[in-house]
Amino acid sequence: RTGDRRRPMEPPEEAWELVNDPEAGPVIAGFTTHMIEGGPQTVRRGLLEAAERYGTTDIGIATHTYFFEDRARSYELIAAEFGLLTPAARD
């Protein structure tokens, strides 16, 4: 949408520059309008509100982070908040 071809996710330092770019910033802000972000309780509340708004019990979650470990941790936190961790994952 900014005229660039698709490219890999930028490292956090470079991505921050894009967010603050006067031309790209508003485009990126439009992408994030429906994002749910925050701590585990805030995300849980946002997911439940979205499910109610759309009349569904089926929610898909996509966490986009530069570092895989951060993505995996995000999913663990969401699963824990909803009581979905297996006993092995809780240890």
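Annotation for Phe67 and Pro12: closest pair CE1-CG, 3.9 Å, computed over non-hydrogen atoms. Between Ala80 and Leu85 the shortest heavy-atom distance is CB-CD1, 3.6 Å.
A 4.5 Å side-chain heavy-atom check between Ile61 and Val43 finds every atom pair outside the cut-off.
Taken together through direct or relayed side-chain contacts under 4.5 Å among Ile, Leu, Val, Met, Phe, Trp and Tyr, Ile59 and Leu77 form parts of separate hydrophobic clusters.
In terms of the side chain to side chain contact (heavy atoms under 4.5 Å, CB included) criterion, residue partners of Ala72 (sequence neighbours excluded) are, by chain and number, Phe68. Residues passing the salt bridge (charged side-chain N to carboxylate O under 4.0 Å, His left out) test with Glu10 are Arg7, sequence neighbours excluded. Here His34 pairs with nothing under the side chain to side chain contact (heavy atoms under 4.5 Å, CB included) rule; sequence neighbours left out.
Contacts classified as side chain to side chain donor-acceptor pair (under 3.5 Å) and involving residues 38-61 (residues at least two apart or in different chains) are not found. Residue pairs that meet the side chain to side chain donor-acceptor pair (under 3.5 Å) test with at least one member in residues 68-82, sequence neighbours left out, are Thr63-Ser74, Arg73-Glu76.
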- Could you please spell out the steps behind the side chain to side chain contact (heavy atoms under 4.5 Å, CB included) verdict for Ile78 and Leu84? CA-CA 8 Å; Ile78 293 167; Leu84 300 173; over 6 Å; no
